[in-house]
Amino acid sequence: MIVSWMTTNKCNLTCKHCYQDAGENKSAELTTDEALKLIDEIAKAGFKIMIFSGGEPMTRPDIVELVAHARERGLRPVFGTNGTLITHDLAFMLKEAGAMAMGISVDSIDPARHNDFRGLPNAFELTLMGIENCKAAGLPFQIHTTIMDWNQNEIFDIMDWVKEIGAVNHQIFFLIPVGRGKEIEGHALRVAEYEGLLRKIMEKSRTLGIPVKPTCAPQFLRIADQLDIKTRYSRGCLAGLDYCIVSPIGKVRPCAYMMEEAGDVHDTPFDEIWANAEIFKQLRTKAYKGACSKCKFNDRCGGCRARAAYYHDGDFMQEDSYCAYGRGLK
């Protein structure tokens, strides 16, 4: 099971697609003591992997202490970061504290395009420095890439580059219009484009030599089955099943792209929220509607619950309308 804690809303970048609309600290963000308590409750709930995300987690001055505490509690601490603030010293401190892997965002290997999307003129250069610092510290890293209309033709070059620089995994995200992402919904791939690109990505994954996971694209497992491609992943959408998030101010939600709340760790321990929240109980029924209810790949894919909610007025049990198979499209 995986939990992602958005450690802070603070960020040094202004990425155009940011689901968190990150920038400045929010009032009532978890203190160090509250964060340590949260980590204890996450371990008690039986989670194995804890993602430190944001905002930008490297802006928290207590981040090394929190990673060490997570490791002491038997969790596997990993990161979702833009990589620009991973200094040489910080990389070594995180490694020593028990960090297991860094997920670093790169959306184009054209520096100008990446920098424009991320909102900082030298973001690409700083991210590459962060990657080199991870290598020096012996800290494994993977690359996260968000696909939109403007970079879809670059994805196969990016995949090759990810392998060449020594990443251990490539996670390819597809835009879900929440947060600032609502403002660029028009740049999301349309259904047929999405299906076609997913198929090509899965085909290329056969020979890339490192794991590839399309994220927020649970249909990749249906496509893998159709193409007889072996993958180490067993389930598409994990929201509320084996995954949830905690916001900077302690709100628990099924995933980063679902705004529906399961509870607040200020009021109820995380492990109790995970076990008893009504939204999690509903998601665990897998009683989906529309095309998802009739799909033979239901248990492999599950449809994107965040897209179901966004495109069906908040009904997260509705069908995932982004599925070409469910819509009967070739």
Side-chain angles (χ1 to χ4, degrees), residues 3-39 42 49-71 75 77-107 114-134 136-137 139 141-144 146 171 173 178-181 245-253 256 265-266:
V3 63
S4 178
W5 172 40
M6 300 171 183
T7 58
T8 179
N9 199 63
K10 186 176 182 179
C11 190
N12 60 319
L13 303 186
T14 54
C15 305
K16 293 180 180 180
H17 67 319
C18 182
Y19 57 78
Q20 190 64 17
D21 196 14
E24 299 300 323
N25 290 86
K26 287 187 175 181
S27 59
E29 290 192 356
L30 298 188
T31 65
T32 299
D33 286 343
E34 288 171 334
L36 294 171
K37 178 175 178 287
L38 170 65
I39 291 168
I42 287 170
I49 299 174
M50 183 170 181
I51 305 171
F52 291 84
S53 64
E56 174 47 53
M58 304 307 167
T59 63
R60 275 195 74 118
D62 57 359
I63 194 64
V64 174
E65 176 186 357
L66 297 176
V67 167
H69 189 71
R71 195 72 189 112
L75 294 164
V78 298
F79 276 79
T81 171
N82 61 50
T84 63
L85 301 179
I86 306 175
T87 63
H88 181 274
D89 289 347
L90 181 56
F92 276 83
M93 287 191 289
L94 289 170
K95 174 69 173 178
E96 178 67 22
M100 305 296 286
M102 312 300 288
I104 299 174
S105 297
V106 177
D107 302 297
H114 176 83
N115 294 345
D116 177 69
F117 188 61
R118 292 282 163 176
L120 188 71
N122 61 340
F124 189 79
E125 175 187 355
L126 293 174
T127 296
L128 291 189
M129 290 176 60
I131 289 171
E132 290 303 314
N133 290 332
C134 288
L139 191 52
F141 67 95
Q142 63 186 36
I143 299 298
H144 297 170
T146 298
Q171 297 217 356
F173 290 74
V178 296
R180 285 200 290 270
I245 69 97
V246 183
S247 80
I249 58 173
K251 306 291 186 181
V252 180
R253 307 200 309 263
V265 299
H266 290 107

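Put simply, the side chain of Asp107 never gets that close to the backbone of His114: no donor and acceptor are under 3.5 Å apart. Judged by distance alone, with hydrogens and angles left aside, the side-chain atoms of Gln142 form no donor-acceptor pair with the main-chain N or O of Ala101 at under 3.5 Å.
Asp89 meets the side-chain contact (heavy atoms from CB on, under 4.5 Å) test with Thr87; sequence neighbours excluded. For Leu128, the side-chain contact (heavy atoms from CB on, under 4.5 Å) partners are Phe124, Ile131, Trp161, not counting sequence neighbours.
Here Ile39 contributes atom CD1 and Leu66 contributes atom CG; the two are 5.0 Å apart, rounded to the nearest 0.5 Å. Note that CD1 of Ile42 and NZ of Lys37 are 11.0 Å apart. Values are rounded to the nearest 0.5 Å. Atom OG1 of residue Thr8 and atom CD of residue Glu29 lie 3.5 Å apart, to the nearest 0.5 angstrom. With values rounded to the nearest 0.5 angstrom, Ile63 atom CD1 is found 11.5 Å from Met93 atom CE. Atoms NE2 and CD1, from His266 and Ile249 in turn, are 8.0 Å apart once rounded to the nearest 0.5 Å. Interatomic distance, Leu75 CG to Met50 CE, rounded to the nearest 0.5 Å: 7.0 Å.
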Can you check side chain to side chain contact (heavy atoms under 4.5 Å, CB included) on Asn82 and Leu120, steps first, answer last?
CA-CA 11 Å; Asn82 61 50; Leu120 188 71; over 6 Å; no

The test is side chain to side chain contact (heavy atoms under 4.5 Å, CB included); show your working for Thr31 and Asp62 and say whether it passes.
CA-CA 9 Å; Thr31 65; Asp62 57 359; over 6 Å; no

If you apply the rule side chain to side chain contact (heavy atoms under 4.5 Å, CB included), what do you find for Arg71 with Met100, and how did you get there?
CA-CA 9 Å; Arg71 195 72 189 112; Met100 305 296 286; 3.9 Å; yes

Quick one: do Thr84 and Met58 satisfy side chain to side chain contact (heavy atoms under 4.5 Å, CB included)? Show the steps, please.
CA-CA 9 Å; Thr84 63; Met58 304 307 167; over 6 Å; no

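Closest of all the heavy-atom pairs between Pro57 and Thr81 is CG-CB, 4.4 Å. The two residues Glu65 and Leu36 make their nearest non-hydrogen contact at OE2-CD1, 3.9 Å. Nearest heavy atoms, Ser247 versus Arg253: CB-NH1, 4.0 Å. When all heavy atoms are compared, the tightest approach of Cys134 to Ala91 is N-CB, 4.2 Å. Across every non-hydrogen atom of Ile51 and Phe79, the tightest pair is CG2-C, 4.1 Å. When all heavy atoms of Met6 and Ala256 are compared, the pair lying nearest together is CE-CB, 3.7 Å.
Of the candidates Lys95, His88, Glu96, His88 is the only one forming a side-chain contact (heavy atoms from CB on, under 4.5 Å) with Phe92.
Two residues are said to be in side-chain contact when any heavy atoms from C-beta on lie closer than 4.5 Å; Leu139 and Ile86 fail this criterion. For the pair Met102 and Leu94, the minimum side-chain heavy-atom distance is below 4.5 Å. The side-chain heavy atoms of Leu90 and Val64, taken from C-beta on, include a pair separated by under 4.5 Å.
Side-chain atoms of Glu56 and Asn12 include no donor-acceptor pair closer than 3.5 Å.
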